[in-house]
Amino acid sequence: QVQLVESGGGLVQAGGSLRLSCAASGTINSIDAIGWFRQAPGKQRDFVASIDRSGSINYVDSVKGRFTISRLNNWSTVYLQMNSLKAEDTAVYYCHVMGQPYWGQGTQVTVSS
């Protein structure tokens, strides 16, 4: 099993930055990719970004050029650097082991306009 704990959320003004962290523990050698997802109130949980073992990265179009995903080589921590934040980025952000049923508890990001 893998345990995931997110941190780094908070309240920030539009145009500001936050860095989210996802700390992984347990059988992390089983991880092939980790993704960040977000869920705004009353909406479904949507994909934001992912990074795999080879370093291949994907972003949803709405965050390209603003968000950067990165990881430590041993998967112990995955980061999501978020710059030029917009009000529409407000959501609970979750990290997830892609292809496995492991999710973190989420961290709230609120961007005031």
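Contacts of Gln39 classified as side-chain contact (heavy atoms from CB on, under 4.5 Å), with partners at least two apart in sequence or in another chain: Arg45, Tyr94. In this view, Thr27 and Val2, Asn29, Ser30 satisfy the side-chain contact (heavy atoms from CB on, under 4.5 Å) rule, not counting sequence neighbours. Looking at residues two or more places apart in sequence or on another chain, you find a side-chain contact (heavy atoms from CB on, under 4.5 Å) between Gln1 and Gln3, Tyr102. By the side-chain contact (heavy atoms from CB on, under 4.5 Å) test, Ile28 pairs with Ala24, Ile31, Trp75, sequence neighbours left out.
The 12-atom threshold is not exceeded at CD of Gln13, counting heavy atoms of other residues, nucleotides or ligands nearer than 6.0 Å.
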Worked verdict on Val109 versus Leu18 for side-chain contact (heavy atoms from CB on, under 4.5 Å): CA-CA 9 Å; Val109 172; Leu18 285 173; 3.9 Å; yes

Stepwise side-chain contact (heavy atoms from CB on, under 4.5 Å) test for Val78 and Trp36: CA-CA 9 Å; Val78 176; Trp36 283 97; 3.7 Å; yes

Full working for side-chain contact (heavy atoms from CB on, under 4.5 Å) between Gln81 and Ser17: CA-CA 8 Å; Gln81 177 67 43; Ser17 298; 4.0 Å; yes

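The salt bridge (Lys or Arg N to Asp or Glu O under 4.0 Å) analysis of residues 90-108, with sequence neighbours excluded, yields no pairs. Residue pairs that meet the salt bridge (Lys or Arg N to Asp or Glu O under 4.0 Å) test with at least one member in residues 53-70, sequence neighbours left out, are Asp32-Arg53, Asp61-Lys64, Arg66-Asp89. Sorted by first then second residue, the disulfide bond (SG atoms under 2.5 Å apart) pairs that include residues 24-79, not counting sequence neighbours, number zero. Judged as a disulfide bond (SG atoms under 2.5 Å apart), not a single pair has a partner in residues 34-72 (not counting sequence neighbours). The stretch residues 82-113 participates, sequence neighbours left out, in these disulfide bond (SG atoms under 2.5 Å apart) pairs: Cys22-Cys95. Within the structure, the ring-ring contact (aromatic ring centres under 6.0 Å, His included) test picks out no pair touching residues 2-30 (sequence neighbours left out).
Between Trp103 and Phe37, a ring centre-to-centre spacing shorter than 6.0 Å is recorded.
Membership of an apolar cluster is not assigned to Val5, as no side-chain contact below 4.5 Å to another ILVMFWY residue is traced. Here Tyr79 sits in one hydrophobic cluster together with Leu72; the rule is ILVMFWY side chains under 4.5 Å apart, joined directly or through other members.
Two residues are said to be in side-chain contact when any heavy atoms from C-beta on lie closer than 4.5 Å; Thr110 and Gln108 meet this criterion. Between Arg19 and Met82 there is no side-chain heavy-atom pair separated by less than 4.5 Å. Using a 4.5 Å cut-off on side-chain heavy atoms (C-beta onward), Val97 and Leu4 make contact.
The heavy-atom pair separating Ser113 from Ala87 by the smallest distance is CB-CB, 4.1 Å. Taking every heavy atom of both residues into account, Val63 and Val48 meet most closely at CG2-O, 3.9 Å. Shortest non-hydrogen contact noted between Ile69 and Ile34 is CD1-O, 4.0 Å. In terms of heavy-atom proximity, Tyr93 sits nearest to Leu20 at CB-CD1, 3.5 Å.
Under a 3.5 Å cut-off, the side chain of Thr107 and the backbone N or O of Gly9 do form a donor-acceptor pair.
Distance check: Ser112 OG to Leu11 CG gives 5.0 Å after rounding to the nearest 0.5 Å.
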